There are 2 protein chains.
Amino acid sequence: MPTFDICFSPELLPLFTLQGRVAVVVDILRATSSIVTALAQGVTHMVPFSELADCRAMAAQGYLTAAERDGRQAEGVDLGNSPFGYLDGVVPVRGRAVAITTTNGTRALHLSAAADEIVVGAFLNIGAVADHLRKLGKDVVVVCAGWKGNFCLEDTLFGGALAARLQADFDTTSSDATLAALDLWQAAQPDAAAYLLKSSHVRRLNHLEAHKDMEFCLRQDEYAVVPVFREGAIQAV
Amino acid sequence: MPTFDICFSPELLPLFTLQGRVAVVVDILRATSSIVTALAQGVTHMVPFSELADCRAMAAQGYLTAAERDGRQAEGVDLGNSPFGYLDGVVPVRGRAVAITTTNGTRALHLSAAADEIVVGAFLNIGAVADHLRKLGKDVVVVCAGWKGNFCLEDTLFGGALAARLQADFDTTSSDATLAALDLWQAAQPDAAAYLLKSSHVRRLNHLEAHKDMEFCLRQDEYAVVPVFREGAIQAV
């Protein structure tokens, strides 16, 4: 039975073997939730950047650009980091490529390069990701983007929720991180949004009136898209 | 109100500010549990080493030596890593100094050097540690030794149990790690030993018939000693 492990921070990735395994990169608030939403809305592919300047420069190649600074859409780009930017119709996104800036998420994606496949996970596509992982049948490592490298509750809850869906097909008992995430996911029932309201990151978001984003990012199975990161770009598998 | 944070692995310590704070180093199975037991039994001080050879060399200076390899007492030393070595009377320890080898614990102690004070914590002395932290009144970071740098349940549970005791006096809500540890400590009730039987590390210990150690290491408030690590040596404050 393939194993299921969770890496709580990109800083801990050197302790994990990714070769021969599938990495599921997750940054629930909000990078990977936005990526899943974007591809589900017909975005052709996305290229993640750490630096705003690199992201902006992609406009010259016909890319839409998405970036945020201090919780608000950055200047001189088309979209912020909210998934609603891909839903509200203000900027038409279908058929477009998007360059995105995301510090934590980009770092997690790049540090996962050694994995056989890098899947982008979110609550929004958790069922589709689970199906894809079952099909691949390889060992799984969930890579939590975290908050500036620190442990964060929302990515951990995703790891627990995914482990709960895969308990019949994967060994979810050999990793203390997975055992903890499963118990935290259990503790968060029946209302993960209410549970997360106490988390430090969500309170930061609340401060910026982004509570609506948080509730959306916790919806499960909104989309069936499975984005994978290959050769610098993210697209649906 | 001073803050209470938990660092789940020594690998994450670079993300934490230790200056001006108190570090509580914990390696429940079994380094810090054994240190607390040893000092409570009248050991004068202990010097931790990463390497067995360095530890053994201290015998020439009149130290008792304690080390373990693959779950059993190493050859050519006086004690293993079990707290019962300080209790069973086979080797008289009162009034002696002890050199100990502990990979995870030593690393955590040394990496915590920037803290204002480094306290050695275990369930065995958790109440005394809590009182000491209240008296100091400074921000606290619990440094989990982990298992080869990885997240482990038993050290996390200690962090949650300590946070639960200090909720009235410290801000235990600003760190997602502390929030998670509090919930895991809650999930582990009413029988933390039964809860930990499922953890990966404990199953490794079980394999080596060290279940008795585990149950002892989870006893709370057996001892009132507060060991601190200063200038390379651990002694009661």
Side-chain angles (χ1 to χ4, degrees), chain A residues 3-17 28-29 104 107 141-142 144-157 159-160 167 171-189 192 195-205 207, chain B residues 3-17 28-29 104 107 141-142 144-157 159-160 167 171-189 192 195-205 207:
Chain A
T3 60
F4 186 102
D5 208 345
I6 303 177
C7 176
F8 284 144
S9 158
E11 307 301 320
L12 296 176
L13 266 178
L15 301 168
F16 288 75
T17 303
I28 292 297
L29 298 173
N104 304 312
R107 186 168 157 70
V141 180
V142 174
C144 299
W147 177 253
K148 297 185 178 175
N150 279 298
F151 174 90
C152 81
L153 271 176
E154 62 273 15
D155 296 346
T156 303
L157 286 190
Q167 275 176 319
D171 170 10
T172 56
T173 67
S174 293
S175 144
D176 274 12
T178 303
L179 291 167
L182 279 163
D183 281 338
L184 290 170
W185 176 239
Q186 192 64 41
Q189 301 312 312
Y195 180 85
L196 273 184
L197 279 177
K198 70 178 183 177
S199 90
S200 57
H201 189 169
V202 169
R203 280 181 288 148
R204 268 191 295 273
L205 281 179
H207 184 62
Chain B
T3 60
F4 186 101
D5 207 346
I6 304 177
C7 176
F8 284 144
S9 158
E11 307 300 321
L12 296 177
L13 266 178
L15 301 169
F16 288 75
T17 303
I28 293 297
L29 299 172
N104 303 312
R107 186 168 156 70
V141 180
V142 175
C144 300
W147 177 253
K148 296 184 180 178
N150 279 299
F151 174 90
C152 81
L153 271 175
E154 62 273 15
D155 296 346
T156 302
L157 286 190
Q167 275 175 319
D171 171 10
T172 57
T173 67
S174 293
S175 143
D176 274 13
T178 303
L179 291 167
L182 279 164
D183 282 338
L184 290 169
W185 177 238
Q186 193 63 41
Q189 302 311 312
Y195 180 84
L196 273 184
L197 278 177
K198 70 178 184 177
S199 89
S200 56
H201 189 170
V202 170
R203 281 181 287 146
R204 269 190 295 273
L205 282 179
H207 184 62

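So that the names make sense, note that chain A is the first sequence line, chain B the second, and so on, each numbered from 1. Owing to the predicted nature of the structure, the values given are computational and were not obtained by experimental measurement.
For B:T173, the parts lying under 4.5 angstrom from a heavy atom of chain A are both the backbone and the side chain.
A 4.5 Å side-chain heavy-atom check between B:E11 and A:L15 finds at least one atom pair inside the cut-off. Side-chain contact between B:N150 and A:L12 is absent, with no heavy atoms from C-beta onward closer than 4.5 Å.
Most heavy-atom pairs under 4.5 Å with chain B, from the set A:G149, A:A180, A:A188: that is A:A180.
One finds the CG atom of A:L153 at 4.0 Å from the CG atom of B:D176 (value rounded to the nearest 0.5 Å).
The neighbour count for B:Q186 CD, taken as heavy atoms of other residues, nucleotides or ligands under 6.0 Å away, does not exceed 12.
Qualifying side-chain contact (heavy atoms from CB on, under 4.5 Å) partners for B:A177, counting only residues two or more places apart in sequence or in other chains: A:F151, B:D5, B:I6, B:F8, B:S175.
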